[in-house]
Protein chains: 2
Amino acid sequence: MNTKIIHEAQNSPRDLSVIEKPAVSVSLLIFSINKGKLEVILIKRIRQPFEGFWSVPGDIISIEESLEEAALRVLHEKTGISDVYLEQLYTFGDLKRDSRGRVITIAYFALIPHNSVDLTKAPDALHARWTPVLNLPKELAFDHKKIVEYGSKRLKNKIGYSNIVQGLVPGKFRFSELQKIYEIILGEKLDKRNFRKKMTSLDIVRDTGEMYREGKHRPAKLYRFTTKNLVIYD
Amino acid sequence: MNTKIIHEAQNSPRDLSVIEKPAVSVSLLIFSINKGKLEVILIKRIRQPFEGFWSVPGDIISIEESLEEAALRVLHEKTGISDVYLEQLYTFGDLKRDSRGRVITIAYFALIPHNSVDLTKAPDALHARWTPVLNLPKELAFDHKKIVEYGSKRLKNKIGYSNIVQGLVPGKFRFSELQKIYEIILGEKLDKRNFRKKMTSLDIVRDTGEMYREGKHRPAKLYRFTTKNLVIYD
DNA sequence: ACAAAAGTGTTAGACATACACCCATGA
DNA sequence: TCATGGGTGTATGTCTAACACTTTTGT
């Protein structure tokens with residue numbers, strides 16, 4: 001033991017300006033539910049490297065903005081919205097992930113209701129697309145496939161013990177809508193009675209008193225989440 | 001919506017060398033159980049800023065090493081050991097966390113059996129100390145208090161649904177030792193019969209056939225973990 | 001009256017919790 | 001024989017999973 005202890009300048013050098021620094025970016029997984037599928041925004045790259053490949057939105061972090069600010073900025077640039085559930089996912093820093101040089105990326109994920117964005121109205125509409133997570137292109141730019149998969153996994157885990165799903169639903173919703181979203185993310189059918197029991201026993205949704213009338217069948221009660229805050233149960 | 005969409009150079013600038021970059025470091029929470037407490041290695045700073053304050057070990061990431069390599073390097077420098085459970089925790093990037101300039105730090109946590117390190121033999125022995133997590137100094141350097149607290153919370157959560165605790169125990173152990181570790185981390189007493197049932201039903205430990213004889217009482221069977229791999233259950 | 005989605009209860013099994021006594025050993 | 005930690009089983013409550021029919025509406 002201790003054969004190779006290096007006498008290290010403590011923690012970090014006196015002068016940060018002398019060291020060679022990696023570039024640091026944020027990458028943003030913007031998830032939504034659309035047409036029965038979990039989708040994520042991808043951007044077609046118009047430059048090398050990976051020209052023509054699809055990538056996750058992202059940008060270099062400015063020296064004057066925090067990580068979360070950078071993530072929110074990218075989100076706003078791509079979608080025009082700002083008030084969303086945002087969570088830091090993981091930081092990816094392999095040496096070769098970007099051929100232009102060393103780039104470390106801090107991945108975030110955001111959940112938005114699908115109707116809150118119209119990508120066709122975004123300035124780079126031709127290059128931004130909603131893509132089903134289960135139908136990704138074979139290859140994405142950089143290590144972005146890994147990032148999307150990591151994020152999907154986290155989402156799938158986390159809806160099981162938190163109320164994050166509310167990021168994906170409109171303010172008022174029917175129980176059947178909510179259940180559908182769980183089913184899509186989990187990839188399995190749920191029992192309607194048990195689902196209702198679970199949700200109500202956790203006190204995570206509340207009856208608004210309003211009804212939703214549509215089609216030739218019984219109207220549905222509309223519910224909302226009891227709180228906007230993230231709640232972790234279990 | 002979309003009132004302020006900025007036409008952005010896609011993803012990142014063509015030339016990474018022109019941008020002003022933050023420094024990037026790793027911070028390492030090295031946890032161990034000692035004298036009935038969960039402890040973490042802290043280092044007394046000998047330079048400004050926060051001279052004389054305790055801090056979490058860390059170092060600037062070299063341009064030629066991955067994040068995990070940097071974390072392992074710091075770990076090896078501080079403890080002389082390399083074969084440990086290491087997990088990325090979170091990335092902290094507030095603007096003002098380091099007064100010398102913009103520093104983003106990627107925090108990792110490592111779990112080691114206490115007897116595997118002798119800090120008094122480390123080169124900076126005077127400056128490195130095991131410190132009980134429940135007895136931290138009032139203030140730590142930078143945002144390190146937040147980091148330690150975040151890490152302790154993650155550890156506490158994760159022992160509930162994984163076998164990571166094995167990072168903290170020696171290769172062979174008595175059930176009572178294992179239980180003690182859970183109790184320390186969770187901060188509550190556990191029932192010995194229920195604990196044993198849980199562990200054996202999850203098939204996470206296995207009888208080695210060996211016995212541990214000590215003191216004037218019945219010898220204890222020695223167990224080991226069934227696998228070295230991380231196992232997530234639940 | 002029928003089609004379509006909304007809404008509702010009960011039962012059985014799995015799992016978690018609470019709890020108290022005997023065992024093997026060394027002094 | 002006694003003190004010490006090792007080792008074991010049962011009963012109860014709680015949570016989960018499986019399962020089918022009635023209600024309300026529009027056409």
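We name chains A, B, ... by the order of the sequence lines, and we start the count at 1 in each one.
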Compute both the distance and the angle, then confirm whether A/Arg196 meets the cation-pi test with A/Phe175: under 6.0 Å from the six-membered ring centre, within 45 degrees of the axis.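 Pair A/Arg196/A/Phe175 counts as cation-pi.
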Can the positive tip of A/Arg174 be found less than 6.0 Å from the middle of the six-membered ring of A/Tyr212, inside 45° of the ring normal? yes
If you measure only the distance, is there a donor-acceptor pair under 3.5 Å linking the side chains of A/Ser32 and A/Asn34? no
For [X] and [N], what is the distance between atoms [atom1] and [atom2] respectively, to the nearest whole Å?
X	N	atom1	atom2	result
B/Arg193	C/dC21	CZ	C1'	8 Å
B/Tyr212	C/dT25	OH	C1'	14 Å
B/Lys189	D/dG5	NZ	P	12 Å
B/Leu222	D/dG5	CG	P	17 Å
B/Met199	D/dG6	CE	P	16 Å
B/Asp191	C/dC21	CG	C1'	13 Å
A/Leu178	C/dG7	CG	C1'	15 Å
B/Lys197	D/dG7	NZ	P	16 Å

Between A/Trp130 and A/His114, is the gap from one ring center to the other below 6.0 Å? yes
Please find out if less than 6.0 Å separates the ring center of B/Tyr161 from that of B/Tyr233. no
Main chain of A/Ile232, side chain of A/Asn163: is a donor-acceptor contact present, judged purely on distance under 3.5 Å?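 Flag not set: sc A/Asn163 to bb A/Ile232 has no pair under 3.5 Å.
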Could you check whether A/Ser176 gets within reach of a base, just the sugar-phosphate, or nothing at all, counting any heavy atom under 4.0 Å?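 Counting heavy atoms under 4.0 Å across all strands, the contact made by A/Ser176 is with sugar-phosphate only.
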Does B/Lys221 reach a base, just sugar-phosphate, or nothing at all? Heavy atoms under 4.0 Å. sugar-phosphate
Contact string for nucleotides 22-27 of chain D, one letter per nucleotide 5' to 3', B = base within protein heavy-atom range under 4.0 Å, S = sugar-phosphate only, - = neither, reads -BBBB-
Output yes when A/Glu210 and A/Lys221 qualify as a salt bridge under the 4.0 Å nitrogen-oxygen rule, no when they do not. no
Using the C1' atoms of the five pairs at each end, what is the angle between the end axes of the helix from C/dA1-D/dT27 to C/dA27-D/dT1, to 10°? 10°
Side-chain heavy-atom pair A/Val205, A/Phe173 within 4.5 angstrom cut-off: yes
Got A/Ile185 and A/Leu168 here, is their nearest side-chain heavy-atom distance under 4.5 Å? yes
5'-most contact on DNA chain D (nearest-nucleotide basis), B/Asn194 vs A/Lys192, goes to B/Asn194
